[in-house]
Amino acid sequence: MLSIHFIRENKEQVRENLSRRQHAPYLQLFDQLIQDDLEYRKLLQDAEGLRAKRNQLTQQVAKVKDNPIEKQQLVQESKGVGAQIVQTEKRQNELKEKIRSTLMRLPNILEEDVPFGKDDAENVEVKKWGEIKKLDFKPLHHGQIARNIDGVEFERTVKISGTGFFALKGSLALLDMALTRYALDMLMQDGFVPMQPPYMMNRKAYEGVTDLAEFDNQLYKIENENLYLIATSEHPLTAQFMDETLPGSKLPIQLAGISPCFRKEVGKHGLDERGFFRVHQFNKVEQVVICQPNESKTWHERMLQNTEKMMQGLEIPYRVVNVCTGDIGIVAAKKYDIEGYSPREKKYFELMSLSNCTAYQATRLNIKFTNADGSKEYVHTLNATGISNARMLRAILENNQTKEGGILIPKILHPYMYGMTEIPKT
RNA sequence: GGAGAGAUGGCAGAGUGGUCAAAUGCGCCGGUCUCGAAAACCGGAUCCGCAAGGAUGCGUGGGUUCGACUCCCACUCUCUCCGCCA
């Protein structure tokens, strides 16, 4: 969320920035917020004045303890003030809660070059890489290829877990691990520290890192526990610093998260029942950076470079898009998506996503750092896909399929594949 | 799951209704001093307010009271032991 102090000091700029989303309810929320905040501060002053008065009276009571008449008078007066305080506080607390909930719903400030658009169709392509191979056969669906090479179990996982799950086996299970190792090796070269976080997180921590809407349509809740299965390792990796003030010298923090991701995907059309695209569980390596505010833009670009390097290493044709206002969500200030090419559909599909969340998560999570002069400031947080294994497997299967129905393993993964260079149809 | 202990500033740790924003020790940061450092001394939370100033802050939420770190209730978390599972 945005800090109320920031909003007070930059009212016009914030409003102007919000208006770029061309979503009227945000502006209404914002204008109401400004009013509420004014009233809140007025009440705060009233309440504090009353408390000051009561504090005076109670101190006098202590002094005249031995004089029953005087004491009784003061006690009576103080009781009256106490009642006034209770009333003022009631309204004050209502407003406080209202302000907080509005702040939770208002989106982040967008960077200048975020394009306006209704939905993902209006994301702006900023780069395209790779040569699209001409196949002299009809490309297959990745799920079919996976079956052809005996690398997946679909029907049996439906029996035990329902649709939207899959089980990798044999060479594809190894390929999945190879992707993880490849991504980690590359990120470690850039200073990222690998980390396996808990796969469950409590409500408070979760509210700090995600849009509230996600609780209903994305996160699995553990029954009778205050715990949710993580939708990405970004969440625990970032939220772990909740309520901390980090020494400026400890920044930036670079972490490479390794974990499975659990997602309900409620209401999303096209749950891929016989493939790896929109599924309830998949493995992923994630880049997370916690840095000082003036460095976040640079880190955003640097993470993009890492991600592109991975794509290029795997030799998958891709494009980078600058995600538009209608598709960016409330947390990110700027977001790139990397889309891989699908020879079967002859179009690009979402593979990775890189967000600069600026101070938005840090404000919710209360993560600060100390400047050289001792002052405190919110950190900036960024997250980016390292490799989203299931989706990347789809890209590899589709782009590297052979006429014979098998696949060629990308060269860069050979060292991780026990001597295999291809996986033939069985 | 059962039993017990605990939660106070960056850390350790006193404080058991008003004299407590909180002793003491250690650490870190800033300042004074110094050519520089050490030592010594001063300062160090949050919020509202232009300021003067005021309010808040002893795990969280409620209660009792004129007044709560202190008394009562509930909750959360941590630690130790036992049990169970791996």
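These numbers come from a predicted model, not from an experiment. Only heavy atoms go into these numbers, but all of them, side chains included; no hydrogens, no water, no symmetry mates.
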*Can you name the nearest heavy-atom pair linking Gln254(A) to Val289(A), along with the distance?*
CG-CG2, 4.2 Å
*asked:* In whole Å, measure the gap between the C1' atoms of G13(B) and C47(B) for me.
replied: 28 Å
*Does anything in residues 143-152 of chain A pair up under side chain to side chain donor-acceptor pair (under 3.5 Å), and if so which pairs, sequence neighbours excluded?*
Gln144(A)-Asn148(A), Arg147(A)-Glu155(A), Asp150(A)-Lys169(A)
*Side-chain heavy-atom pair Glu234(A), Gln361(A) within 4.5 angstrom cut-off*: yes
*Salt-bridge present (Arg302(A), Asp190(A); N to O < 4.0 Å)*: yes
*For nucleotides 46-73 of chain B, read 5' to 3', which letter fits each nucleotide if B means a protein heavy atom sits under 4.0 Å from the base, S means only the sugar-phosphate is that close, and - means neither?*
-SBS----BSS---------BS------
*Do Tyr26(A) and Arg21(A) get their side chains close enough for a donor-acceptor pair, meaning under 3.5 Å?*
no
*What distance, rounded to whole Å, do you find between the two C1' atoms, one in G83(B) and one in G2(B)?*
7 Å
_Taking U16(B) as the reference, what is the distance to G6(B) when you measure between their P atoms (whole Å, please)?_
15 Å
*Could you work out the separation of G53(B) and C73(B) based on their P atoms and round it to a whole Å?*
42 Å
*With P as the reference atom in both, quote the distance from C48(B) to A68(B) in angstrom, rounded to an integer.*
24 Å
*Could you provide the dot-bracket string of RNA chain B, using ( ) for intrastrand pairs, [ ] for crossing pairs and | for bases paired to another strand, with Watson-Crick or G-U pairs below 3.5 Å?*
(((((((..(((.....[.....))).(((((.......)))))((((....))))..(((((..]....))))))))))))....
*Are there more than 12 heavy atoms of other residues, nucleotides or ligands under 6.0 Å from atom CD of Gln87(A)?*
no
*When rounded to the nearest Å, what value does the distance between C1' atoms of A5(B) and G67(B) take?*
31 Å
*Cation over ring, Arg391(A) on Phe349(A), under 6.0 Å and within 45°?*
no
*Calculate the interatomic distance between Lys250(A) atom NZ and C29(B) atom P; express it in whole Å.*
12 Å
_Donor-acceptor check, side chain of Arg20(A) to backbone of Val114(A), threshold 3.5 angstrom: yes or no?_
yes
*Please state the P separation for the pair G44(B) and A23(B) - nearest whole angstrom.*
12 Å
*Electrostatic pair Glu112(A):Lys297(A) at N-O distance under 4.0 angstrom*: yes
*Measure the distance from CE on Met242(A) to C1' on U76(B) and round it to the nearest whole Å.*
12 Å
*asked:* Could you tell me how far C33(B) sits from A51(B) if I compare only their C1' atoms? Round to whole Å.
replied: 32 Å
